[in-house]
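Each chain gets a letter, A, B and so on, in the order the sequences are listed, and its residues count up from 1. No hydrogens, no waters, no symmetry mates; every other heavy atom, side chains included, goes into these values. Note that the structure is predicted; figures quoted are calculated from it, not measured.
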Amino acid sequence: MSHAVLSSQRPSADTEAPALEVRGLGKSFPIGGLFSRDSVRALHGVDLTIGRGEIVALVGESGSGKSTLARCVARLEKPSSGQILIDGVDVLKRDRFQASRAFRSQLQMVFQDPFGSLNPAHRVEHFLRRSLAIHRKGGNSETATQQRLGELMTTVGLQADMLNSYPHELSGGQRQRVAIARALAVEPQVILADEPTSMLDVSVRIGVLNLMRKLRDEQGISMLYITHDLASARYLADRTVVMFAGELVEEGESLDLLANPAHPYTQLLVSAVPDPARAGSYDPVRRAELRQAVMASTTCTFDGDPNQACSAEEPVRHRVGDPENSHWVRCHLYRPQPGAGGHALAAEPTDNTASA
Amino acid sequence: MTVSQVSFGSHEPVLEVKNLTVKYIGDTRSTTAVDRVSFSIGTGEVFGLAGESGCGKSTIANSVMRLLKDPAKIAGGSISFGGKDVLAMSQEELRRFRWQDVAMVFQSAMNSLNPVLTIGEQIVDIFTTHAGYTRKESLRRAGELLELVRIDSARLKSYPHQLSGGMRQRAVIAMAVALKPSVLILDEPTTALDVVVQQEIMAQIKELQRELGFSVLFITHDMSLMVELSHRMAVMYGGRIVETAKAQDVYTNPRHPYTQALMSAFPPLTGPRVPLTGLPDGVKFRNIPDLTEAAPGHFVAPVSADASAADTAIMEGAAR
């Protein structure tokens with residue numbers, strides 16, 4: 001194993017529009033009976049930018065709204081408000097009712113479960129050939145298509161003769177590679193990967209992450225990597241965005257963000273990652289404090305800083321550390337409204353604080 | 001085999017598994033799920049069993065509890081608990097052995113609670129069935145038990161769906177330690193939980209273990225979690241143990257290529273970003289030999305040149 005430090009440098013910082021930009025995205029789901037007017041707010045005011053050839057990780061607990069964001073961006077779910085810009089064009093306005101084929105060829109998704117996302121009745125070749133045909137990326141002749149199929153398989157690290165295999169003949173890792181090849185077939189700009197490794201056996205996970213990095217390095221594809229695994233986010237992503245109860249609370253260069261988490265929720269997530277290097281570091285008192293701070297902080301570390309104003313009413317962003325890391329944190333005082341998603345935390349703290 | 005004699009500290013092994021072989025017997029072909037596996041767990045020791053899905057770790061747990069059903073069959077070896085032969089126990093002896101001597105928390109155990117009974121009723125059931133207490137006494141003890149895992153005893157009246165996932169899991173753990181077993185088997189106790197809750201549950205188990213002094217057989221695929229919790233651990237692959245040593249030794253110096261791959265599957269949270277390589281897709285180890293002592297207390301299955309090198313490995317798809 002070589003110990004060269006991986007480059008965290010993006011290929012180029014050009015002045016073009018970012019590959020994907022999300023502005024003020026909101027989504028609420030109706031709850032209760034047929035005539036109920038209640039709704040749960042799954043996303044609120046999400047602003048997210050993914051530059052060209054950049055990998056951004058979106059982390060958070062289950063129920064925090066990560067997957068809802070991905071589904072809205074992929075237009076599998078209709079957002080309640082906000083804009084989604086690809087190449088600077090608002091796709092929600094351009095294709096009002098459903099995603100167009102042009103949109104699909106710009107943005108592709110890789111799902112969590114490679115066992116469910118490949119039709120068991122078809123061979124691998126079928127999935128790739130279909131993508132090529134629908135988006136007319138197969139070239140003009142059968143030989144061109146054949147060649148493209150071979151290229152795709154090589155790119156994702158599979159042997160060309162596996163084109164004839166059925167999904168059940170492949171391992172989980174191989175299936176996920178097929179799913180990635182299928183996304184690649186349409187030559188997208190952006191790939192949304194929703195927990196692509198969480199269903200895979202642990203020993204092949206890193207291989208899939210390495211493949212994603214390779215695609216970025218070699219083809220300049222931008223990616224939104226959605227995960228609950230902070231360590232893999234740190235390994236793969238240039239930038240990491242933390243989501244809590246449907247809102248973004250912190251964002252920054254991955255290494256910097258995880259080394260100096262500023263929001264109590266991020267601190268909570270970081271402190272919960274099992275790491276043998278700091279075994280026995282679990283401190284229930286500290287944990288209870290962090291939970292308390294997430295749910296009802298009364299002070300903000302940036303309070304009193306003349307350059308950064310705190311506010312409990314609007315979600316102001318404080319800059320953290322070196323501007324180069326573009327690391328910001330939402331003011332601790334501002335908290336999501338009641339009725340927001342992500343109750344995972346709220347359900348627990350009472351019995352913990354009581355005993356701490 | 002010498003492996004079973006190396007335990008944490010110098011105390012007596014509570015649970016000893018020797019050359020255990022379990023086969024799943026089908027009409028046309030049989031599979032060996034567990035192949036000549038030996039290990040022992042000392043008093044108050046946390047022993048980890050790591051490996052991926054399908055490597056046989058849950059089959060071992062079920063063998064120890066004697067829960068295996070057809071087509072699974074224990075084809076060889078022995079399991080002894082405190083000197084008694086578990087495999088020779090009668091139904092009546094087994095009934096007492098389970099839960100009182102060895103208790104188990106199953107994978108996604110929080111879904112194993114009965115949805116139509118309150119938590120209290122389910123705990124009381126354990127006391128009245130296994131310990132013969134009166135209902136009133138059982139209820140008092142049930143309350144104490146919940147408080148042991150930091151759940152308000154008022155929750156006795158709650159139904160499972162009224163508790164969060166973490167609380168349900170803690171209630172299940174409380175039920176497992178209700179009769180003060182000597183050994184607690186944890187089969188992936190936190191896989192269905194969020195990371196934040198997961199760590200709290202593990203801390204709770206550690207604390208209970210210190211308090212009550214039981215031994216733990218801890219099964220998971222998450223190596224970081226395992227190293228944090230276990231004293232000693234074994235790594236399984238294809239029904240065989242490929243490496244066993246003190247958890248810290250496995251963490252700092254994994255010797256088997258499979259262990260190394262598992263370790264590097266969890267990138268670190270500190271230090272520079274270095275490229276990691278997992279196990280290449282489809283690489284398989286065949287005919288894993290018996291363990292040999294590579295360093296004091298550190299046993300590794302020797303890897304023959306043809307079985308380890310990635311380039312000569314049998315590709316899964318091509319083998320069919």
Answer yes when A:R205 and B:E52 have at least one side-chain N-carboxylate O distance shorter than 4.0 Å, and no when they do not. no
Structural part of A:L290 lying under 4.5 Å from a heavy atom of chain B: neither
Contact check, side chains of A:I206 and B:P267, non-hydrogen atoms, under 4.5 Å: yes
Which pair of heavy atoms, one from B:R273 and one from A:L236, lies closest together, and at what distance? NH1-C, 4.2 Å
Let me know if B:Q198 has heavy atoms under 4.5 Å from chain A in its side chain, its backbone, both or neither. side chain
Does A:K214 have more than 12 heavy atoms from other residues, nucleotides or ligands lying within 6.0 Å of its NZ? yes
Ignoring hydrogens and geometry, is there a side-chain-to-backbone donor-acceptor pair from A:Y235 to B:L276 under 3.5 Å? yes
Using 0.5 Å steps for rounding, measure from the OG atom of A:S271 to the CG atom of B:L269. 10.5 Å
Quick check for you: to the nearest 0.5 Å, what is the distance between A:L269 atom CG and B:Q199 atom CD? 11.0 Å
Spatial distance of atom OG1 (B:T270) from atom CG (A:L258) [nearest 0.5 Å]: 10.5 Å
